[in-house]
Each structure stands twice: as C-alpha cells, then as structure tokens.
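Residue numbers begin at 1 in each chain, while the letters A, B, ... track the order of the sequences.
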Amino acid sequence: MATAAITTEREHYLNKEYGIRSWLLTTDHKRIALLYLISITFFFFIGGFFALLIRLELLTPAGDLVQADTYNKLFTMHGMVMIFFFLIPSIPAVLGNFLVPMMIGAKDLAFPRINLLSWYLYIIAGIMMLHCMVTGGVDTGWTFYTPFSTAFTNTKVIEAGLSVFVAGFSSILTGLNFVVTIHRMRAPGMTWSRLPLFIWAHYATSIIQLLGTPVLAVTLVLVVCERVLGLGIFDPNRGGDPLLFQHLFWFYSHPAVYIMILPSMGVVAEIVPCFSRKRIFGYQAVALSSIAIAVFGFLVWAHHMFVAGISLYSAMIFSILSYLVAVPSAIKVFNWTATMYKGSVTFSTPMLYAFGFIGLFTMGGLTGLFLACLGIDVHVTDTYFVVAHFHYIMVGGAVMGYLGGMHFWWPKISGRLYPEWLGKFAALIVFLGFNLTFFPQFILGYLGMPRRYWQYPAEFQVLNVMSTAGSTILAVGYVLPMVYFLWSMRYGKIADENPWGAAGLEWKTASPPPTFNFEETPEVTWEAYNYDQIPAPAEVLIER
Amino acid sequence: MSDSPIAVEHGPELRHHFASVEQQRDAASLGMWLFLATEIMFFGGMFCAYLIYRMWYFNEFAAGSRSLNLKWGTINTIVLICSSLTVALGVRAAQMGKRKLLVILLILTIVFGLAFLGIKGIEWHEKYEHHHIPGASFDATALEKPPYSNGGIDPSHEQIYFSLYFAMTGLHALHMIIGVGIFAFLLFHAWKGRYTPQYNTPIEIGGLYWHFVDIVWIYLFPLLYLIDRKPLG
Amino acid sequence: MSEHILSSKLYYGIWIALMVLTVVTAGVATIDLGPFNTIVALLIATSKALLVILFFMHVKYTSEKLTKMVIISSIFWLLLLLFLSLTDYGTRYAGHG
Amino acid sequence: MFDNFPLWPARASTGAGNVDALYIFLVLLASFMSLAIFTMITVFALKYHRRHGREAEQIEGSHALEITWSVVPLAIFMTIFAWGAVIYFQERTPPRGATEVYVVAKQWMWKLEHPEGQREINELHVPVGRDVKLIMTSQDVIHSFYIPAFRIKQDVLPGRYTTQWFRATKPGVYHLFCAEYCGSQHSGMIGQVVVMEPAKYEAWLAGGTTSGSLASNGESIFQQLGCSTCHRSDTQGRGPNLAGVFGKPVQLEDGRIVVADENYLRESITSPSAKVVSGFKPIMPVFQGLVSEEQLNALVAYVKSLNPASAGAQQQGPKE
Ligand code: HEA
Ligand code: HEA
Ligand code: CUA
Ligand SMILES: [Cu+2]
C-alpha cells in the first residue's frame, strides 16, 4: 500500500466533478451515501424538533402549550420520522452505503442505479411525509392501530401510510443491493470468515429488510384500501379482527428494531478492536449472533400484544421466544467487553461513543427483559417504561453507535479530522443529557404514567421536569457534532489514509477514496482485525 | 458521475464495476430472486389474513367462492399458463439468438397478459352488477347458501371474503400490469436486436418475474374459486 | 450457472402437464371429498408451482444452491408468519376471553 | 421511606405485591448485570490503557467462555419467564364466583355497570376483599383499562369481550387510566377506582338509584326483542333452551364443540350464524346493530343468570 502524499490536487470522489447534476444523477455509492447523510440529518432535526415540543408540553401537568390534537400529531410524527426517515436508513444507507463495497474490495454496489433509485424513493416518501405534516398531519401514533386509523381519525392517514410504504420500498432496495453485493462482489481472497463484522451486521440487517418490510407494505396497503375503497379486512363491525392488523404490523416492526440496532452493533464491533488494538474476541460468535438475531427476531413479535387480547397460550409462547433473541445480544455485549481485555485501549471519540453504546444498550436491553416478562409487562406496557426502554436502545444505543461510526469514518468520508477535544466533549454531553432525559421515565412508567398522554396527574411532574431538562442538554450534544463536522470540512487537519491505524480494506485506500474505491482491485490474504500486523498510529491518538 | 456505464474495454453490456459478464449476470439473477422473496412475503400478509378469516367464517367464504365464475377462473388460469410457456420459450429463443422468434413470443406473452386482465375486468364487472363489492351497496341476499351442514350467512362476514377477494386479485392484477409494462420494454429492445446469446439477462430476469406472478395466481385460483364447489343438496 | 438451453419439447411437456392439472383441480373441486377437497386443491397447486419453478424458472438445471436457499427461506418465513399467528388464533377462545 | 419520591404506585390489590416482588428481583438482577459490565469496561479501559512499551495481547476467543455466557443468561431468562408467566396466568384467570362488572369504553369515557344495576361513569366503586371480574368491550376504537395500583391492564376491544380481575386490599382512591391511544382525549379518559370497606360499600350500593339488576334488565330486553318467542324455558321453542348453557360445552352443527363463554353468548346474539347449535336451523335474526353494547351486556348477564347451578359460575379457573 503506497502512502501516496495527500495533496489537494489528487482526484477523489468528491472533487471528481462538481455541480448539482453530478450529485443528483450520481451512481457512485459514496456520493449517494452523502446524499443520504444530508437527508437523514434533516429528518433527524425535524424529529428532534418535535421531541423538544413534546418535552416542553410535558413540562407541566396541564395540557397548556399545544392542543390535545396537536400533541397527538407531534408524537406520531416524531415516531414516524425518527423511525422510518431517520433510524432505519441511518447507518445502512449512510455508512453502509459508503463502506460496504469498500470493505469487501468492490468498486461499487451491485446495482448502482437501483441504489440511486432507492434514495429517490426515500426523498419522495420524505416529501410526502413533509407535505402530510404541513397540511394537517396524522395522529394515529407511529403504529397505525386499527380501527382508529381506518375508521375514526380524520387526519391524513392515507398520505402517511403511502409515504411509509414508499420509504419501505427504498429500504427493501437498499437491503437487496447489500445482499447481492456481499454475495457477488467480494474481492479475491475475501472469504466469509474474513468479512468485517460490520458486513455481517449489514447482511443480517438486509435479510430483515427483505423479508419483513413487504409485510408492512401490504398491511399499509390494506389500511389505505380500507379507508379509500371501503374494504373491511380489519373492520370489527364486519367481524374483522383489529388484532390481525397488530400481528401483521409487528411481524415487521419488531424485526425492524433489529434493523435499527444491528448496524450499530456492527459499528461498535469495528471501533472496539481498533482502539483496543486487538482482534475481536470470538469473531465467529459475534458474526453468527448477528444472523441469529435476524432470524430469532422474527419469532417474537406478539410481545407487543400481551394485553391486546391475544390468547393466553400465545402470549406465553411469544414471551419465551423473546428471551431467545436476548441470548445473541448478550454474547455480543460480553464479547465486546472481552475484546478490551489485555488490549491497548485509547479513549478516542469513537471509543467513547462505543462505551456509551455498550452501557446504554445493555440497560435498554435489560429493561427489554422486563417487558418480555408477562407479569411485569401487564403493568408497564403502554407506559413511560416502554418509552424509556426503547429510547435507551434507539437513542442511547443506535444513535450513539451511529455517531460513533460517523466520527470513526469521518476522516475517510471527508479526508479531514474533526477536533478531538470537541468530539469528546460532545460525547460526554450526549451521555449526560441522555440519561437525565430518559432515566426518570423508567420510574414514571412504573408509577403508572401512560404514554401518549398530553396531560397527566400532577404527582408525575417532578420526573417530567427532569426529563425535559435533560432533553435540552441532549439537543446541544446533537447540534455540536454537526457544527464541528461542517467546520472540519474546511479547516480540519488533513487525514491520511489510515489515521486510526485500523484494520480493514477501507483504510487501505486514500482518504477520501477515488471514485472506484481502489486504484486496483485488492487481493485479501489476511484475516479480519489483524491488529498484530498494523502499527498503532503515532500521533493522533496519543492524547492523555 | 458522468462517465457512461459503458466502459470501453469490455463488451458494451458489461457495467464498469463488475469484473466479468458472469458476475454481472449472477448478480442480476440473485437480485431478482431476492426480490421475488420479498414478493412472497408481500402476498404472505394477505394469505395470513385469508387463512384466519377462512377459518372463522367458512360458510361465508364457501358461499362467496361459489358465486365466483368458475368458467372464467379456469380460463384465466389457462391463459396465464400459456403466457408462462411463451415466456419460457422466449428465454430459450433469446439464448439461441433467434430474434424474430423472441419478438413473436414476447408479443404473445403480452397478448395473454392483456387477455387475463380483460377477463379479470369482466369478472369484476359481474361482481359490481351483483352488488358484491364491499361497502354501503353490498348485498349478500342473492348468494347461494350451501344448505348442508349449517347454512347461515352473515352478510357482514361475507364482505370480508369479498374484501380479500378484491385485495388479492387486485394486487395480483397490479403485478400483471407491471409485468406487461416490463415485457413491452423487453419487446422494444428485442425488436432492436439488443439481446444476443451472450447477453440476454433482462429477458431471463423479466421471465422470472412473470413466472412468479403466474405462481401467485396458481394459488389464488384454488384459494378463492374452489373453496366449496361440491354439488348442492 | 452456465447457459443450459433446455429443449422446447420439455417446455411443451410441462405446459401440457400444467393445463391438465388445472382442469383436474377444477374438476375435483366439484366432487365432495370432505376436508380433502382443500388438501387436494393445495397439493395440485403446489405441484403446479413446483413445475413452474423447477422448469420454467430453470431452478432444476441451471441455478446454484444459493437460489434454492432463497426460495426455501422465503417459504420458511411465510410459514413462520402463518404458524405463529395461528398460535394466537388457534387457541384464542379456548376458555379464556 | 419514599413518601416524597415514590418508586412504585400504591399497592392495593392481592396481585400487586407479586408483581412488585418480581420487579424488584429484576431491578436487582439488571443492576447487578449492568454494574458488572460497567465495571469490567472501566477496569479494562484503565488497566490496559495504552502505554509505551506494552503491546496488546492477541486473543482469539474462547468457546468455553462464550458457551458459559450464553447458557447462564439463558437459564436466568427461563427463570424470569416462568415467574412472569405464573403471575400472568393468575392475572388472566378470574376466580370462581367473582362479582361481574360490565365495562363499556367509548371515546372518551368509561361506562360501568354493576350486577346490582348501579351505573357509573369514569368511576368504579368496589369493596375491599372481594374478587371483581371486569367484562369489557368498546363501542368504537381500542382502549385499555389500567389501574396502576392493582398492576392490571387489559385492552378493551370493539366487537368482543376481554376480561380481567382483581381483589382490592386497601381502601382508597386510585387512578384509572386509559392506556391505549384512542384519539384526541386519550389522556382525558381517566377516572378513579374507589375502594371501600364492605360496610361503606353496601351503603353506597343502597344509596344509588337503579332500575333493577343487570340481569333483570336483561330479562325485560329479552322479552322486548322477542327472544323469548323462540327461546322458551321448555324444549318446545324454535331455539335452544338457554337455561344452563353458560360455561358448558356446546355441540355445534358443523361438528365443533365450543365452550359457551361470554364471547360465545355475544357472538350468538350479534352473529348467530357463525356458530349454529347442533339440531337447530340458522333462523335466528342478526342483532348486530340492533342492540346497544349496554343492552348486549344485560342480555349476556341475563342468559348467564339462567344457570341453575351457580350464578356467575366460571370456566376452569383455579379455585381461590
Ligand atoms: C432498536 C430498537 C430495539 C431493540 C434492539 C429492542 C430490543 C428488545 N426489546 Fe424492545 N422495543 C423497541 C425497540 C427495541 N427493542 C420499541 C421501539 C418498542 C416500543 C414500540 C411501541 O410500542 O411504540 C419496544 C417495545 C418492546 C416490548 C413491548 C413493550 C410493550 O409495549 O408492552 C417488549 C416486550 O417484550 C420489548 C422487548 C425487547 C427485548 C427482549 C429486546 C432484546 O433484544 C434485548 C436484548 C439485550 C439485552 C438483554 C442486553 C444485553 C444482555 C446482557 C448484558 C446479558 C446479561 C443479562 C442477564 C444475564 C440478565 N421491547
Ligand atoms: C430513532 C428514534 C427516536 C429518537 C432518536 C427519539 C428521540 C427523542 N425522543 Fe422519542 N420516540 C420515538 C423514537 C425516537 N425518539 C418513538 C418511536 C416514539 C413513539 C411514538 C408513538 O408513541 O407513536 C417516541 C416517543 C417519545 C416520547 C413519548 C411521547 C408520548 O408517548 O406522549 C417522548 C417524550 O419524552 C420522546 C422524547 C424524545 C426525546 C427527548 C428525544 C431526543 O433524543 C431528541 C434529541 C434531538 C434533538 C433535540 C434535536 C436537536 C434539534 C434542535 C436543537 C433544533 C431543532 C430546530 C429546528 C428543527 C430548526 N419520544
Ligand atoms: Cu381510551 Cu385511550
Ligand atoms: Cu419488540
């Protein structure tokens, strides 16, 4: 590997061409990744804006800031935007898009034009969602439960449903592209057992996207048909079963939570070895546990329905199955931790995020065990306990992983380094703000405060105030990285091709990479995470 | 990126990021198979609804099924099977480089596809005339009630059968329409002589899609038309 | 995965088999076999589908293991959806509201 | 101890203690596991912090360890599952002879009716120490009947009955929440459960005005709607004699045998053709849309009261 001197003249994917057209019609996976980066960031701030309004409203027990209907629309749009337009595409469509071909030594994804198409579908869906918001919004909750969504609300269910449908298509196409790419485009010598764990995680994610998303799609089509054409498949007045909708919805939406977390797990599995200068502990177990999560994830969906009116026996089956999926998660947590044992650990920003991920994911996951436990779930379902559980995993886990990954690969993406001390500072703020926001919600939930409440009994106020205070700190923590990333694009120190001394093919090409990733197709002769053969970087990380 | 997908070193069909034509074809075929897997789950959601309501409301499903036109249903199945044959032969013609034969077979496929849609239209129209479309004007009184065992029919449950009938056949028909579109596209390029024994992947994967839509109908036919066709009395 | 051109005779044979099975399934449906009507109908549909997959879609001769795995796992997932839903619907009114 | 900063709501039913015990166990377990992991991370991060002259030691992994940390958690998980399942089973199986209160939910209020005929809105009065079974249905969308102090919750669905039960242990006034999102005033669909000493409760019952018990209301509806023309108390009617039907297995015309629970009675009235009793013709008219939820409840209560053996007898519930 030639450490070509980085000069600004070198041609790479960013400066190869200029102009709007060269971006909007690109088929380069790296440019598409950046398109996604911009669009999901936009939606993240929209969703976050709604979250702040929610928190402000809940500052006082009375519903005083907004109307009840507005509040209902706020949490609905918050959930829909955050899930379908931010978290599901976040890591796969940005980091996955950017890195999957590079990590396996390919020039691009298997279907570059489909990749672009999937971004356009995402944008169409996003515009529909935005249009839906400005023209009135929806108030069904992100879960679209029937018969409220089909027969009672008079908000824009049709448009929101179609928007999610289109976004689902985009997600399916991304997954399809990844699976084909991973199967067909690996460089010579890149065997399955040499794949980075990030790739395994994306492979598992893609399986879920391929087999789960279509069920959501058809379910939403049926809901739309019920509203528009008067079909009656979920209509209790005609003997339809409202629970059938829930079964079909969760058949997708439970596995979908693993679409959100698996890529983050993949990111952590790259960061931890790198900053411990060690091969990951038990490569095989970590790789296979991703697949296990993807498969078992499909067996547990009705744990969202323990009090919905499903049969007693069915509830027991789904409860026990829910615990199965926790085992591979446990393996991951323990293996990451064990990787640090006898390593050579440095506290860089990505590593701090990885610590945050492991800690908060563990807490979120453990509270998931509470929820999967029938006796407890009856009391805490549909309360803030659930809200806290999933924010711990999705915000504390998945978003931390995403930010960690963004920091880790930012030098590769932009060719620049961000200011390290600011990075650490922001990570700390996010961690503190996060816990202050969501820890009180566990207590609120057990005390019995139901979720989706616009106003609440006064005795819950103290904890709500804490939560609201935390969310403003959290907001600062999220705005900071955006600011210094932008700043670094211009003023950051120039990064060489491997600033962290990391293993992996993506670090063997220039930063930013050339259009076809590699000057010539690499041939892989080493195992993944061969940190014994890579010198630790001298300068960047030695900071006390 | 403005570079045209056609790189100079390879044949014109090989896109730049693939190493070989085989790799490209294998990728396309795997891609189509994965897409079909998603389609199975797409229809699967409706099959799940079908299974449960058929269990719950068997009488209504039986009566509804009886009211469908068995003659048209069978003919339509046959039409689709014929179209699958022409597709299969078409792929073969493309592999052997017989352009004219390919064009004829593609035209035939499209004709069969349109015939299927036409017949479907006739059937739907019949349903409309008999007030079997779910909604306010729905009327189940004219349905033949199976007199053996228990014969009660609840009109609201009957609507669930017809809701599923329209959802399933409707989404199947949508797939047919898309299929006809794809084949029109293939026909255009076949006409221009783009497909050769070396390069015919589009025909092949287009064919996979068509066969899949056929298979869906192969199941829809017994599930919707043949629930209960035993002689009455 | 090399090109393997099947003879057109085979295609015609499969086509005839499919036509015959279609007529048979429509015919059998009019005979009262009790619960076996459904079973026979599904068996015939499945054999028709198999014929199409194996021959028209070339799975038997030209495709690799991966294709078969894709097919099998998608069917497996479909069955997951159906059977796990039935754990609810099959036991819902068994004495408990 | 936690008067000003409570960690759990009042514990006012027989089941609440069980749930809390399991919860505390889980909190301890989870704290222990998180602490263990955080400690390991901290210790490793500090002890093996990067120093000059020390290289990382490459370790492949260890199957023995990996198997340990999959099997041990699995064993713990199964314990949690079993414990939770036992509690759930108890929560879901009302004891015999429980007092039956009918609940009708609608956007956005709770309507309750006691067997003695008292009606309440957004309030439920119950005595200490008596088993109360709630038989619930909704007029529109899905709601959820949630009493945190009793640790019970059950969704309330349109078109069928769901049930839950409790036995209150401590007099007081407790929150009643709607826990399933149901539209604009979801957070306003709240009320209170008033638990009273039995004597006070009797006084409360006596003080209310009622137009007869639920079952006797049902009886007059039964007459009004003409049910009695077909369902007679002998075997001469065109429909089956309804006395003693409830809780017993019913032989259906198509060969199935079903247990006549509340949902069966309900379905028999709203959609008689769905399950036709063996030996009868499907001539009973469909009453869907002709009777209100309240009338339906009264009819069901009436049919149940026709049981010669025991009023309000239950299915195979556990004996308490
Ligand atoms: C990324 C998202 C994500 C992830 C990964 C998870 C993971 C899990 N979730 Fe969560 N969940 C959500 C997002 C997520 N969830 C959302 C969004 C909802 C609410 C939806 C809505 O209603 O709006 C929800 C709701 C939800 C419910 C329904 C609650 C209710 O509405 O009543 C349940 C119930 O079982 C549940 C369980 C679990 C379990 C068991 C896991 C497991 O996978 C967790 C496994 C991980 C661990 C267990 C931690 C690591 C393990 C160890 C350290 C081992 C050591 C431990 C011991 C030995 C005890 N979740
Ligand atoms: C990926 C998923 C995700 C993420 C990241 C978040 C992030 C946050 N969520 Fe999220 N939340 C959900 C998914 C998510 N949520 C889902 C699925 C639901 C359920 C919805 C339903 O019930 O249907 C929910 C519900 C939910 C509720 C419960 C509402 C209710 O039940 O009544 C609350 C309440 O506190 C809440 C708070 C927050 C907060 C404070 C954040 C914070 O982490 C957000 C922090 C981010 C910011 C604060 C952005 C910073 C932006 C600015 C500072 C600028 C803003 C200005 C401009 C736009 C110009 N969320
Ligand atoms: Cu009723 Cu919420
Ligand atoms: Cu879940």
How long is the span from the CG atom in B:Leu34 to the CG atom in A:Leu173, to the nearest 0.5 Å? 11.5 Å

What distance separates B:Gln24 CD from A:Phe111 CZ, expressed to the nearest 0.5 Å? 9.0 Å

Using modelled atom types only, decide if a donor and an acceptor are shared between the side chain of B:Gln23 and the backbone of A:Arg184 within a distance under 3.5 Å. yes

Could you tell me which portion of B:Phe43 (side chain, backbone, both or neither) has an atom closer than 4.5 angstrom to a non-hydrogen atom of chain A? neither

Taking the side chain as every heavy atom from C-beta outward, state whether A:Met185 and B:Phe18 have any atom pair closer than 4.5 Å. yes

Working to the nearest 0.5 angstrom, can you tell me the gap between A:Ile114 CD1 and B:Phe35 CZ? 9.5 Å

Tell me which of these, A:Pro112, A:Gly230, A:Ala106, A:Cys225, has more heavy-atom pairs under 4.5 Å with chain B than the rest. A:Pro112

Atom group of B:Ile52 that falls short of 4.5 Å from chain A, counting heavy atoms: side chain

Which one wins on heavy-atom pair count under 4.5 Å against chain B: A:Leu216, A:Leu248, A:Ile233, A:Leu210? A:Ile233

CG of A:Leu176 to OG1 of B:Thr38, rounded to nearest 0.5 Å, is 7.0 Å

Answer yes or no: is there a side-chain heavy-atom contact under 4.5 Å between B:Pro155 and A:Arg238? no

A:Leu229 versus chain B, the contacting section by heavy-atom distance below 4.5 Å: backbone

Atom group of B:Leu171 that falls short of 4.5 Å from chain A, counting heavy atoms: side chain

Indicate the atoms forming the closest heavy-atom contact of B:Tyr53 with A:Asp241, along with that distance. OH-N, 2.7 Å

Test your reading of the model: is there a side-chain donor-acceptor pair from B:Ser163 to the backbone of A:Gly232, 3.5 Å cut-off? yes

Under 6.0 Å from the CH2 atom of A:Trp192, do we count more than 12 heavy atoms belonging to anything else shown? yes

Applying a strict 4.5 Å limit to non-hydrogen atoms, the region of A:Asn237 in contact with chain B is backbone

